[in-house]
Structure formats: C-alpha cells, structure tokens
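Below is one structure, written out as structure tokens; the observations come after it.
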Amino acid sequence: MPTSRLSFKGKNLFFVLFLILASVLVPAQSAEAASKTVHVGVLAASKVNKEEAKLHVQTNLPYKMKFFVVVSDANQFEKEVKVKVAKNGKLKKTVDELPNGTYKVTYQSYQPKKQPRSVKKIIGKKGQHLKGEDVTKKKVVKFSETIKVEHSTVKSKVEKEALAKQEEAKQQEREAALAKQEEVKRQEEARKKQEIRKQDEAREREKQAAAKERQSQNGGQSGSQNGQASVDKNEQQVLITATGSKYHNHKCGNGTYYPATLSEAKARGLTPCSKCYG
C-alpha cells in the first residue's frame, strides 16, 4: 500500500501547506452532512531534539480516532506508542530515549471496529467511507515518515551489546585473576604445610634416635651391673673386722663385723678363722 512521506522542517512551509490542505479537504466531522466519503489527507512534520522525537502529523481525520505508531530502525530497534487524533486533527506524541540513527516512523489506525462510536459514525462501521492512497484494503489508515537522530546520548542496542561483551570480558579477566591468586595461595599453604610436616618428621626421627641411643646406653650399663651382681651374688660372702687377720662366716667374738666376699678377704691377706672353719 503506498504511503505518504511528506516531511517538512520549516514552520512557515508547513502551515502554508496545511492551509492549502485544509481548504481543499472537507472536514471529517462534517463529512456526513456533505458527503459519506472521507478523503484522507495527512501532513507529517515531526522534529528531533537530541534523543527525543516529537511526532507531529496534521490530518483531516475525526476526533479521537486511535492510532498506534511504531518507531524502528535497521538494527532491530523498535518502540511502539499509542496516540489519538486531537480536536484540531493533529497526531502528536513524544518518543524519547532514541539512539543515534535513521528511523522509520509508521502510523497505523486501529481497525474500524475498535474505534470509538463517534469515529465509526464518520468513517463507517467497517471503514467504508475512508478513501485515499493511505487507506489499506483492510480500511485502516497507514502512512510513514523518516526521522534522523544525530545528537543522542542514548546507547543503541549494538552499542549496549558491545559494552555488555566488554564488561563480560573484564569480569572474566577479574575472575581468572582471582582464581589464579587463590591457586597461588593454596599452593603456598600446601608448601608450608609440607615443610612443617617434614620438620615434624625430622624432629620425630631425632627423638627416636636419641631414645634408641639412651636405651642402648642404659642396656649396656644394666648388663654390666647385672653381670657384676651375678658375679657378686655367686661369690661366697664372709665377715671381716677392721683390724682382724681372719675372715669369719659368723660373728664369733667382740667387735664390729663387715660383709665382704671371699676374694676380697683373701686379697687383704686374711686367713680363715679356725673356730668358723675348723
């Protein structure tokens, strides 16, 4: 379906053309009185201010006729708004947060059955009174214009995706660096634990060696003492005095007697007592 793409930036030119259009077209509100046919006329003159598009279309369509407007670009950006024809026949709406780019603004009226009763009285219940190149086979009014946004600070979808990827890459780098730090820390802790374990094992070996050495020394001394005790125990015991010349097997006179071995008594030159050994 052909669409009207009239877009004018000059205020004076817009109003001159509007006056010409208004003088030629029969107002829709009086269409029933003059004629059943509504010859659709539209004049689009939207403006852009930074990231805002101030949609502005002059029409000869009836008051409260409902439209939806789709603002789209080649990067799959799409925003939809709803608008109604004002008493003066204008469609006006502000669409904000538009990134830089060239946009197609498509205006399309709701189906006749979804229009208010006052509108259907003029355009017909099935839109049969609507005529013109901007009227589709389904009896809806459809036209478009092109606007260009050049000074917006809003990021486009492509820019947002690129920034999101950059942020994701940075996050992955941060996580990788953190993981590396954790791994280095874990390895250092494992190394310290291993050193402590080795030191403990070395000390334990030293303790065991010292204990074994002490045991060996104690075993030698004990063997020597046991051997001597065994020799002393097996040797004959006698009694001697400090000044006597004899050794005895019992106290056989006055004086102080001391125990001694037979070999010790003989080594001192003592001889057996005739009373004890007679």
Side-chain angles (χ1 to χ4, degrees), residues 1-25 28 38-111 115 130-168:
M1 171 63 68
T3 56
S4 177
R5 297 177 179 269
L6 299 176
S7 179
F8 302 93
K9 293 185 178 180
K11 288 184 178 180
N12 295 333
L13 180 60
F14 169 73
F15 286 111
V16 169
L17 291 174
F18 170 66
L19 291 174
I20 296 172
L21 178 66
S23 64
V24 173
L25 298 175
V38 178
H39 294 280
V40 177
V42 297
L43 186 63
S46 300
K47 295 182 179 181
V48 175
N49 180 22
K50 294 183 179 180
E51 64 269 11
E52 288 185 346
K54 297 182 180 298
L55 306 182
H56 186 179
V57 181
Q58 181 65 56
T59 78
N60 66 334
L61 296 171
Y63 174 51
K64 290 187 178 182
M65 187 171 181
K66 297 190 294 183
F67 278 77
F68 65 88
V69 184
V70 178
V71 182
S72 60
D73 68 359
N75 295 320
Q76 297 182 341
F77 175 92
E78 186 172 291
K79 182 174 285 191
E80 181 177 324
V81 295
K82 297 176 182 179
V83 64
K84 294 180 181 179
V85 177
K87 287 184 178 180
N88 57 6
K90 292 182 179 180
L91 288 170
K92 296 181 71 174
K93 193 75 173 182
T94 298
V95 181
D96 57 7
E97 297 185 359
L98 294 174
N100 289 329
T102 301
Y103 296 88
K104 180 180 180 181
V105 185
T106 302
Y107 302 82
Q108 182 171 323
S109 66
Y110 282 58
Q111 294 179 2
Q115 296 290 352
L130 294 173
K131 303 294 180 182
E133 61 178 8
D134 295 324
V135 180
T136 69
K137 291 180 179 180
K138 293 183 178 180
K139 296 302 180 181
V140 297
V141 178
K142 185 176 182 181
F143 58 96
S144 64
E145 66 173 326
T146 300
I147 60 173
K148 190 172 184 179
V149 180
E150 297 179 307
H151 305 291
S152 174
T153 58
V154 179
K155 301 296 182 183
S156 67
K157 182 179 179 181
V158 174
E159 290 173 325
K160 288 179 179 178
E161 289 177 350
L163 290 174
K165 287 182 179 179
Q166 291 178 2
E167 183 59 31
E168 184 179 358

Set of residues satisfying side chain to side chain donor-acceptor pair (under 3.5 Å) with respect to E167, sequence neighbours excluded
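Checked E167 against side chain to side chain donor-acceptor pair (under 3.5 Å); matches are R174.
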
Do [X] and [Y] have side chains that approach each other closer than 4.5 Å (heavy atoms only, starting at C-beta)?
| X | Y | value |
| --- | --- | --- |
| L61 | V40 | yes |
| F67 | V85 | yes |
| V141 | M65 | yes |
| V69 | V105 | yes |
| Q58 | K92 | no |
| K79 | D96 | yes |
| V95 | Y103 | no |

At their closest point, which heavy atom of [X] faces which heavy atom of [Y], and how far apart are they?
| X | Y | answer |
| --- | --- | --- |
| V70 | E78 | CG1-CG, 3.5 Å |
| P99 | F77 | CD-CE1, 4.0 Å |
| Y107 | S144 | CD1-CA, 4.4 Å |
| A53 | I147 | CB-CD1, 3.6 Å |
| A44 | E145 | CB-OE1, 3.5 Å |

If I take atom [atom1] from residue [X] and atom [atom2] from residue [Y], how far apart are they, to the nearest 0.5 angstrom?
| X | Y | atom1 | atom2 | result |
| --- | --- | --- | --- | --- |
| K142 | D134 | NZ | CG | 11.0 Å |
| H151 | N100 | NE2 | CG | 8.0 Å |
| K47 | H56 | NZ | NE2 | 8.5 Å |

N60 side-chain N/O to G41 backbone N/O, donor-acceptor pair under 3.5 Å:
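It does hold such a pair.
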
When you measure from the side chain of S109 to the backbone of V140, do you find a donor-acceptor pair of N or O atoms at a distance under 3.5 Å?
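Looks like no, no N/O pair under 3.5 Å.
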
List in chain and number order the residues that pass ring pair (Phe, Tyr, Trp, His ring centres under 6.0 Å) with Y110, two or more places apart in sequence or in another chain; answer none if no residue qualifies.
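Residues passing ring pair (Phe, Tyr, Trp, His ring centres under 6.0 Å) with Y110: F68.
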
Let me see the working for K139 and K131 under side chain to side chain contact (heavy atoms under 4.5 Å, CB included), right down to the final yes or no.
CA-CA 8 Å; K139 296 302 180 181; K131 303 294 180 182; 4.1 Å; yes

Output every pair passing ring pair (Phe, Tyr, Trp, His ring centres under 6.0 Å) with a member in residues 80-101, not counting sequence neighbours, ordered by first then second residue.
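Pairs touching residues 80-101 that pass the test: none.
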
Please list, chain by chain and in numerical order, all residues satisfying side-chain contact (heavy atoms from CB on, under 4.5 Å) with K148, sequence neighbours excluded.
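Only T102, E150 meet the side-chain contact (heavy atoms from CB on, under 4.5 Å) criterion with K148.
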
Could you work out, with side-chain contact (heavy atoms from CB on, under 4.5 Å) as the rule, every residue matching K84, not counting sequence neighbours?
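Expected list: K66.
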
Give me each pair satisfying salt bridge (Lys or Arg N to Asp or Glu O under 4.0 Å) with a member in residues 48-60, each pair once, sequence neighbours excluded.
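Matches after skipping sequence neighbours: E52-K54.
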
Evaluate the criterion side chain to side chain contact (heavy atoms under 4.5 Å, CB included) for residue pair V83 and L55; output intermediate values, then yes/no.
CA-CA 10 Å; V83 64; L55 306 182; over 6 Å; no

